[in-house]
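Just so it is clear: chains get the letters A, B, ... in the order the sequence lines come, proteins before strands, and each one is counted from 1.
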Number of protein chains: 2
Amino acid sequence: MENDLIMFKNLLLQNGYKFTSSRKHILKAILNSGTHLSAKEICEKVKEYHLGLATVYRALKLFNKLGIVKEITLSDRSYYELKLFSKNPLHIHFKCFKCNSIIDIDSQDLNLDYLKLSKKAETENNVEIYDSNIMFVGLCSKCKGEVKCQDEQNLEE
Amino acid sequence: MENDLIMFKNLLLQNGYKFTSSRKHILKAILNSGTHLSAKEICEKVKEYHLGLATVYRALKLFNKLGIVKEITLSDRSYYELKLFSKNPLHIHFKCFKCNSIIDIDSQDLNLDYLKLSKKAETENNVEIYDSNIMFVGLCSKCKGEVKCQDEQNLEE
DNA sequence: CTTGATGCAAAGGATTTGCACAAAT
DNA sequence: ATTTGTGCAAATCCTTTGCATCAAG
């Protein structure tokens with residue numbers, strides 16, 4: 001079992017939760033994907049083990065509570081991505097309204113600015129910030145020039 | 001009729017949409033509130049005119065398309081707030097996970113930083129940013145010290 | 001063994017849609 | 001007159017829950 005998985009196992013056990021095979025498979029799916037997945041997508045990735053959607057949701061909720069994954073909500077769906085032990089614990093998301101793709105904006109520079117902004121907001125407003133989300137919406141580099149696009153729906157409407 | 005309303009009327013007409021009394025009432029409700037409202041809350045505010053929820057949703061979707069309102073999504077609900085002609089077209093939201101209140105963080109300073117961040121992301125990633133959302137999650141100043149809170153649900157769980 | 005976890009199906013809540021009717025241009 | 005908008009209820013989609021059963025510690 002990979003190192004990360006062992007850490008997650010301990011984290012669960014230390015908090016009084018069981019490290020079941022369902023949870024292991026779900027965790028592995030998220031670990032291996034390296035991106036944000038919806039509950040349904042995760043269910044797809046582990047379908048060989050026949051886990052119910054409800055189980056996936058319950059596991060994700062738990063992982064979110066333990067800080068293992070981060071939930072990002074978008075219009076009407078939620079996506080989950082690795083948060084703990086991730087190489088990029090903090091990052092900015094960009095959503096293209098034309099092709100609907102979501103990309104991670106990762107630059108040392110931007111993340112630093114982001115962090116600074118967060119700290120400033122914290123002190124200026126006398127609040128305690130535990131988490132934050134930034135989502136930019138616009139046209140991705142591919143769609144900027146194109147007239148046609150993989151998802152025409154948003155254009156026509 | 002207020003000035004803003006006339007502008008909205010023209011905006012609708014110029015785009016081939018009708019300026020119906022339903023739309024007027026919904027628009028006024030948003031204008032007068034000065035904050036973010038859910039579809040249901042808006043429906044409540046205009047209940048004297050007996051508009052169906054579906055009508056409210058349809059109007060909000062249209063207003064969003066025309067850039068009149070901004071849709072912000074949170075966990076599983078959507079909220080709508082004035083965007084066009086608003087005094088604060090861009091601002092940072094903060095959500096307290098204890099009392100669930102959402103507050104607008106408005107400071108010249110922070111918004112400037114935010115804008116800079118957005119511009120930098122745009123050039124660095126070769127994308128076109130049309131809109132953006134920042135949401136911080138944590139403890140508001142009221143809840144920071146308190147043990148008890150108006151919404152206990154989130155504590156117990 | 002004991003308690004927490006799972007599967008299934010049913011419930012829930014937000015949003016959308018089909019259709020006949022009403023209202024704006 | 002036409003075309004777009006509305007109301008209602010039904011349909012959808014994502015997510016949660018109840019309950020009997022199963023498996024981890």
How many Å lie between [atom1] on [X] and [atom2] on [N], as a whole number?
X       : N      : atom1 : atom2 : answer
B:Lys24 : D:dT6  : NZ    : P     : 13 Å
B:Leu60 : C:dT15 : CG    : P     : 9 Å
B:Asn10 : C:dT25 : CG    : C1'   : 14 Å
A:Ile26 : C:dT6  : CD1   : P     : 7 Å
B:Leu13 : D:dG5  : CG    : C1'   : 14 Å

How close do A:Val137 and B:Asn133 get, heavy atom to heavy atom, and via which atoms?
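Scanning both residues completely, I find the closest heavy atoms to be CG2-ND2, 4.4 Å.
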Can you give me the closest heavy-atom contact between A:Thr73 and B:Thr73, atom names plus distance?
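Looking at all heavy atoms of both residues, the shortest contact is CG2-CG2, 4.1 Å.
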Between [X] and [Y], is there a donor-acceptor pair closer than 3.5 Å when you use the side chain of the first and the backbone of the second?
X       : Y       : value
A:Arg23 : A:Ala59 : no
A:Glu41 : A:Ser38 : yes
B:Asn15 : B:Leu11 : yes

Does any pair with a residue in residues 22-61 of chain B pass ring pair (Phe, Tyr, Trp, His ring centres under 6.0 Å), and if so which ones, sequence neighbours excluded?
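Of all non-adjacent pairs touching residues 22-61 of chain B, those that pass ring pair (Phe, Tyr, Trp, His ring centres under 6.0 Å) are B:His25-B:Tyr49, B:His36-B:His93.
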Take B:Lys24 and B:Lys28 through the test side chain to side chain contact (heavy atoms under 4.5 Å, CB included) and record every step on the way to the result.
CA-CA 6 Å; B:Lys24 188 176 69 187; B:Lys28 280 172 87 170; 4.2 Å; yes
Which residues share a side-chain contact (heavy atoms from CB on, under 4.5 Å) with B:Val127, sequence neighbours left out
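Counting only residues at least two positions away or on another chain, B:Val127 forms a side-chain contact (heavy atoms from CB on, under 4.5 Å) with A:Phe94, B:Asn125, B:Ile129.
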Side chains of A:Tyr79 and A:Glu81: do they bring a donor and an acceptor to under 3.5 Å?
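There is no such pair between these side chains.
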Does anything in residues 41-50 of chain A reach DNA chain C, meaning a heavy atom under 4.0 Å, and if so which residues?
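Within residues 41-50 of chain A, the residues near DNA chain C are A:His50.
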NZ/B:Lys95: more than 12 non-hydrogen atoms of other groups inside 6.0 Å
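More than 12 heavy atoms, drawn from other residues, nucleotides or ligands, come within 6.0 Å of this atom.
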Estimated bend of the helix from C:dC1-D:dG25 to C:dT25-D:dA1 (axis per five terminal pairs, rounded to 10 degrees):
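Axis angle across the helix from C:dC1-D:dG25 to C:dT25-D:dA1, nearest 10°: 40°.
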Show, in sequence, the C-alpha distance, side-chain angles and deciding distance for B:Asp113 and A:Lys116, and conclude whether the salt bridge (charged side-chain N to carboxylate O under 4.0 Å, His left out) test is met.
CA-CA 9 Å; B:Asp113 286 350; A:Lys116 273 193 220 151; over 6 Å; no
Any side-chain heavy atom of A:Leu117 within less than 4.5 Å of one from B:Ile134?
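Yes, at least one pair of side-chain atoms sits under 4.5 Å.
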Should A:Lys83 and A:Ile68 count as side-chain neighbours, where that means a heavy-atom distance under 4.5 Å?
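No, side chains not in contact.
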Show each protein N/O and nucleotides 2-5 of chain C N/O combination with a separation under 3.5 Å, one pair to a line.
| residue | atom | partner | partner atom | Å |
| --- | --- | --- | --- | --- |
| C:dT3 | O2 | A:Lys18 | NZ | 2.7 |
| C:dG4 | O4' | A:Lys18 | NZ | 3.3 |
| C:dA5 | OP1 | A:Arg23 | NH1 | 2.7 |
| C:dA5 | OP1 | A:Arg23 | NH2 | 2.9 |

Polar atom pairs (N or O), protein with nucleotides 15-19 of chain D, under 3.5 Å:
| residue | atom | partner | partner atom | Å |
| --- | --- | --- | --- | --- |
| D:dT15 | OP1 | A:Ser78 | N | 3.2 |
| D:dT15 | OP2 | A:Tyr57 | OH | 2.1 |
| D:dT15 | O5' | A:Tyr57 | OH | 3.1 |
| D:dG18 | O6 | A:Arg58 | NH1 | 3.4 |

